[in-house]
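All figures in this text were calculated on a predicted structure; none of them were measured in a lab.
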Amino acid sequence: MAISKTNPERLKRSRIFYGALTFFIVSIITVLLWTLNALVLPIIIGLISAYIAMPGLKWLMKHRIPKWLGILMLFGGFIFVVFILGRQVISMLPDDKEQLELRVNIQYKLYSNFQDFMNEDTSSPSKEMLLAVFGPELTPILNSIVSFISLNEDEGKKLYQLSQFTEENQYPIKPSTVKRFEELKNLGYLSTDVEEEKEGTEKKSFNAFAAAPGSSRIAALLSAISNWILTPFVFIFILFDDGEIKHTLLNLIPNRYFEMSLTTMDNADNAIGSYLRGTLTESTLVGICFIVGLMLVGFELQAAVLIGIIAGVANAIPFLGPVIGLIVGISYALIVENIDPLLPFLSSESAILGVVIVVITVQLLDNAYFGPVILGKAVNLHPLVVIIGVSGGSILFGFTGMLFAIPSIVMINVIISTVFKQLKAYYIIY
Amino acid sequence: MAKQIANKMAPLWGNIFSALNFSKQESEVDILKKIPIFQDLRKRELNIVSKILYERKYEAGEYMFETGQPGAAMFIIKEGSVQITRTSKSGEELVLANIGSGDFVGELALLDSSARSASAYVIKNTVAVAIFRSDLEKLFESNPDLGNKVMRRLATVIGLRLKATNELLINLEDEYGNQQNEP
């Protein structure tokens with residue numbers, strides 16, 4: 001009705017202008033995303049953190065705490081959590097000496113478990129299944145996995161050095177580890193020269209930051225800081241925003257789409273906020289269940305917490321998350337020396353079974369209760385979209401890309417579906 | 001040609017409060033202060049509400065909103081002139097009211113998203129400020145006292161409109177009854 005009473009020439013010019021403007025803005029955003037992709041992830045994490053913190057800020061303001069103080073408290077809390085978690089994780093990460101010890105022990109345990117497995121009763125269904133799937137490739141597969149962690153000649157020498165008690169080395173590597181290393185060496189389970197070279201490259205890339213010399217380490221740190229410094233800025237500015245961003249955006253919208261645009265923005269904002277907060281709650285519950293479950297299996301508290309955090313964070317990735325939790329849990333069960341199960345029917349030998357039971361129980365709880373109650377059906381994505389999204393995210397940004405692919409797809413999905421719904425409700429499209 | 005029934009409907013659609021004409025220099029806080037819904041608010045609270053106002057300029061011939069669309073915002077007319085129209089069952093366009101500077105329209109949208117019961121058609125270039133339900137709800141979450149004051153006043157405004165509707169119905173009944181009783 002409004003169109004019929006408007007000058008058609010002017011309407012045509014407006015359409016051309018807005019079309020060109022939209023094209024221009026979309027092109028600029030695409031180019032910026034492409035060239036500055038290193039900044040995309042810190043910005044997304046800042047945005048997500050702000051969304052998660054928003055209800056907390058409202059709660060604080062409701063209790064008469066000024067906005068600036070509320071933001072300061074939330075920011076302080078955010079930094080505190082990152083600091084405590086970071087410190088905890090760093091303290092759990094082995095230093096050079098512990099790494100050597102750990103690698104020898106993992107390799108030894110893997111080989112001994114493999115030997116025990118191969119020598120056990122031939123009628124074992126799991127053995128038959130593994131042999132049927134991998135056949136003669138089983139040993140080469142194990143060797144290629146082990147070649148990644150096995151020690152080269154220099155590292156072997158270093159292991160011997162670090163096993164001697166000196167004034168500088170007050171806590172030498174245990175003789176049992178040296179004995180295991182020698183056993184592996186005698187059996188010929190050490191890297192060949194060729195493998196050493198390859199392995200060296202892989203390990204270097206695996207831990208490039210730690211291996212970098214002093215100056216380049218500082219450069220790497222500065223580069224990381226310069227990108228990630230954006231995260232707290234985005235977090236603070238989003239929380240401080242009193243609607244200025246929305247006002248600026250709405251000023252660009254023609255009157256005809258004004259009411260619809262704000263409704264769309266608001267619906268999308270609510271849906272994204274509840275999805276992100278729901279995912280955080282769900283992941284936290286999954287992480288806690290993992291920790292409790294693994295402690296019942298007999299894992300040490302530190303290991304249970306670390307695996308619980310990994311499994312909880314990974315749970316945000318549909319389908320793949322539980323597999324990551326399972327792999328990390330089983331890997332630890334494979335190398336753990338002694339466990340002290342709290343459940344009477346579990347033993348040191350059945351640690352893997354215990355982990356599998358924990359993963360299955362947590363997944364059942366998640367699928368039957370946490371997911372439906374906390375998230376509902378708001379984020380039902382087609383499995384194919386999930387798989388392509390997760391793969392695409394991992395190609396672009398590695399593990400973090402994998403982690404944030406689904407939240408990003410959910411945001412886009414919510415925005416598009418809300419826009420269509422509102423366009424119909426406001427009689428703009430059929 | 002739209003049929004004018006604005007005089008008959010004035011108690012329902014027109015300004016049932018004292019004349020609220022705004023001058024061009026008035027700030028958004030001054031404008032809010034004159035709107036009955038926000039009359040109980042203190043200056044600090046009016047300042048908070050003024051941050052969620054959106055000023056829009058409409059040209060003659062544009063619709064601010066149309067019948068049937070989901071209501072999301074209330075509009076306060078700063079300057080200009082707007083016709084409240086509705087198409088009758090026979091297809092005739094009826095002008096229910098003519099509103100101008102100081103009037104507000106669509107306050108029911110502050111309560112829920114039910115469909116607009118009439119259209120707001122701009123007949124003279126108009127400047128209006130819009131206030132959205134969703135923004136107001138978010139504001140109430142962090143300022144429950146402010147929310148309480150606004151909602152109480154909103155209930156009063158709606159109550160007055162209801163009383164005006166009753167009066168209108170009684171008048172119509174009298175008029176219709178008298179016509180029927182005439183030989």
State, with a plain yes or no, whether a side-chain heavy atom of B:E93 is found less than 4.5 Å away from one of B:Q83. no
Turns out that what part of A:N270 lies under 4.5 Å from chain B's heavy atoms comes down to side chain
Start with the C-alpha distance between B:S27 and B:D30, add both sets of side-chain angles, then the distance that settles side chain to side chain donor-acceptor pair (under 3.5 Å), and finish with yes or no. CA-CA 5 Å; B:S27 70; B:D30 295 328; 3.0 Å; yes
Under 4.5 Å from a heavy atom of chain A, the part of B:F75 involved: side chain
I'd like to check the salt bridge (Lys or Arg N to Asp or Glu O under 4.0 Å) partners of A:R64; sequence neighbours left out, ordered by chain and number. B:D145
Paired with B:M74, the side chain to side chain contact (heavy atoms under 4.5 Å, CB included) test is passed by just one of B:I35, B:L154, B:V105, namely B:I35
Tell me, side chain or backbone of B:P144 under 4.5 Å from chain A's heavy atoms, or both, or neither? side chain
Is the ring pair A:H63/A:W59 parallel, tilted or perpendicular, if the boundaries are 30 and 60 degrees? tilted
Side chain, backbone, both or neither: which part of B:L139 has a non-hydrogen atom closer than 4.5 Å to chain A? neither
After noting the C-alpha distance and the side-chain angles of A:K246 and A:D269, does the key distance pass the salt bridge (charged side-chain N to carboxylate O under 4.0 Å, His left out) rule? CA-CA 11 Å; A:K246 206 151 81 172; A:D269 181 53; over 6 Å; no
Rounded to the nearest 0.5 Å, the CG atom of B:N171 sits from the CG atom of B:N166 at a distance of 11.0 Å
According to the interplanar angle, ranging from 0 to 90°, do the rings of A:F235 and A:F75 count as parallel (below 30°), tilted (30 to 60°) or perpendicular (above 60°)? tilted
Please list, in residue-number order, every residue in residues 125-133 of chain B that has a heavy atom less than 4.5 Å from any heavy atom of chain A; write 'none' if there are none. B:A130, B:F132
Please determine, among B:K51, B:M64, B:R56, the option with the most heavy-atom pairs under 4.5 Å with chain A. B:R56
